Amino acid sequence: MWRPCLRSVSIGLSIGLFCAMLPIPFQMLLAAVFCFIGRGNIPIAIAACWVSNPISQIPLMLFQERVGAKIRDILDMDWLNFIDIERIIPYFDKSVNLANFAVGVASTALLLGLIAYPIVFCFYALVPKKYLHTTDLTKDKNYQKVSISTMRKIPVEVFGKKQAAASKLADETAELIRFNDSIGKSTVLGLATGETPLEYYKALIQLHQTDGLSFQNVVTFNLDEYIGLDSKHPESYWHFMHINLFHHIDIKPENINLPSGVVSDAEISAYCEQYEEDIKEAGGIDLQILGIGRNGHIGFNEPGSPRDSLTRVIELNATTREDAAETFGGIEKVPTAAITMGCGTILSARRMVLMAWGKDKASIVNKAVTGTTSDIISASYLQDHPNASFYLDTQAASELDQVI
Ligand code: F6R
């Protein structure tokens, strides 16, 4: 009910304001015709047109008298004189000064503003809906909220392909190793397992084989190992690291440190302390490589892991075990616990890069990078590290900056 009324008022106002220079009966006729086409209420439109007329005259007069006079002076446009200003506003002072000029400009702006809304309204009222394509962006599955990089609390680099990211990180690693070699210092790397670092390890092997990068002075500490798996188990991280990296480079076996998954319960606590000591004795980790679990874990620091936690045994979260089920050939074969470096151990590295690929990681990456720091997502602790970065492919970065 209110819509046709509003439409009629806007049509009347538009005609009254926009066609203020036409004779009033002509304006009313126009208002009635437009209202008929726009299926409005003709008497309302005529009334609105009539009411708007005196309103439109004042700014128009000011425009004519002050701004128009100026324009006429400059362009000698006599035809602008078609309104008899003295008859309509007899008390008007004709002297042109700056104040009058400003009033003229302001009233013209006001007039245009007054016209704009009814015109836009008329447009929507008159044009049939089928010609107006309005799209609800939020219903479009490809829609993503606009990226606002200020929401990111960790430096993020996004690469078209994971190989590009891995190769950049491998180059960074090579530079670090070569620099440390040149000053007679060994390089301490913290390494991760899983799908994510595979391309990085390939790139390191390539640098070793074709570029002569030597790992003779490199010491490594791996993040974690499944409890119950010995080095011969095909799913052990010991096996993974040798197959995917150590067998292909010239690292000294004594420089490889991988937590053992088969330490007795009685010895495990001392073993974990010793792992921490070994890292310190090696001079601390120069560069820590990380992946991220779908639940936000780094290493196996499952939700609830304190920021200052150290190497310890931890029960594996359901998500973590589900994700490992395929490689183990069934969830029942996935160990229920692991030994892992703690968040505190990881955060003490001098530099760390977390890599993530694929759509499955997009949501948790966004939470870790833009959300609040909390023990629910241990990767969010990287926000507090002065030299941490995320290297992502476009898919893993696809939800960045969405409001959580
Ligand atoms: C493994 C590790 C884990 C993985 C994470 C992601 O050493 O530290 O935090 O990085 O579970 O696993 P992928 O790379 O298989 O998706």
Side-chain angles (χ1 to χ4, degrees), residues 162-163 165-166 169 189-203 220-227 229 231 233-246 256-261 275 279 285 287-305 309 311-328 331 334-347 349 352-365 367-368 375-382 388-393 395-397:
K162 60 182 176 182
Q163 287 82 358
L169 185 53
L189 299 179
L191 299 178
T193 51
E195 278 292 307
T196 308
L198 282 174
E199 292 299 330
Y200 169 67
Y201 294 148
K202 278 186 202 161
T220 63
F221 286 89
N222 261 79
L223 282 165
D224 39 25
E225 179 61 279
Y226 288 111
I227 291 291
L229 304 195
S231 58
H233 194 289
E235 292 309 323
S236 74
Y237 285 164
W238 195 97
H239 189 255
F240 175 100
M241 287 307 301
H242 283 78
I243 293 290
N244 291 299
L245 182 66
F246 298 146
I256 296 171
N257 297 277
L258 277 145
S260 167
Y275 202 68
I279 294 172
I285 293 171
L287 171 63
Q288 177 67 57
I289 306 302
L290 295 168
I292 183 170
R294 278 192 306 129
N295 58 10
H297 71 211
I298 46 174
F300 274 136
N301 289 285
E302 303 289 47
S305 297
S309 52
T311 303
R312 67 203 187 288
V313 171
I314 189 159
E315 197 180 315
L316 292 177
N317 179 285
T319 314
T320 303
R321 294 189 66 234
E322 274 164 30
D323 286 349
E326 200 183 320
T327 47
F328 275 88
I331 195 156
V334 181
T336 54
I339 176 171
T340 182
M341 276 187 200
C343 296
T345 326
I346 294 169
L347 290 170
M352 61 190 63
V353 177
L354 186 151
M355 294 178 282
W357 328 128
K359 193 80 190 129
D360 284 356
K361 300 284 174 77
S363 166
I364 195 68
V365 161
K367 287 177 183 156
D375 66 2
I376 300 169
I377 298 170
S378 54
S380 68
Y381 292 142
L382 268 66
S389 299
F390 274 45
Y391 285 7
L392 309 173
D393 68 0
Q395 287 194 318

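Note that this is a predicted model, so its numbers are computed, not measured. Only this structure's heavy atoms are used, side chains among them; waters, hydrogens and symmetry mates stay out. All ligand and atom numbering here is 1-based and tracks the order in the structure.
- Near K361, the atoms of ligand 1 lying under 4.0 angstrom from a non-hydrogen atom of the residue are 6 (C), 13 (P), 16 (O).
- Aromatic ring pairs are classed by plane angle as parallel below 30°, tilted from 30° to 60° and perpendicular above 60°; the pair W238 and H242 is parallel.
- The nearest heavy-atom contact from the protein to atom 15 (O) of ligand 1 is E195 N, 2.9 Å.
- For the pair E302 (side chain) and N317 (backbone), a donor-acceptor distance under 3.5 Å is present.
- Side-chain rings of Y226 and F328 approach one another, their centers coming within less than 6.0 Å.
- In this structure, S378 contributes its side chain and N301 its backbone to a donor-acceptor pair below 3.5 Å.
- With D375 contributing its side chain and S305 its backbone, the two residues share no donor-acceptor pair below 3.5 Å.
- At a 4.0 Å heavy-atom cut-off, ligand 1 touches I292 through the backbone alone.
- T340 places no side-chain N or O within donor-acceptor distance of the main-chain N or O of D224, the cut-off being under 3.5 Å.
- Taking only nitrogen or oxygen atoms, main chain and side chain alike, Y237 does not reach within less than 3.5 Å of ligand 1.
- What sits closest to atom 5 (C) of ligand 1 on the protein, heavy atoms only, is H297 NE2, 3.4 Å.
- The residue among A324, G299, G291, G293 with a heavy atom at the shortest distance from atom 9 (O) of ligand 1 is G299.
- Heavy atoms from both the backbone and the side chain of T193 come within less than 4.0 Å of ligand 1.
- A donor-acceptor pair under 3.5 Å is formed between the side chain of E225 and the backbone N or O of Y237.
- Protein heavy atom at the shortest distance from atom 2 (C) of ligand 1 is D224 OD2, 3.4 Å.
- Heavy atoms from both the backbone and the side chain of T196 come within less than 4.0 Å of ligand 1.
- Those atoms of ligand 1 that come under 4.0 Å of a heavy atom in L223, given as number and element, are 8 (O).
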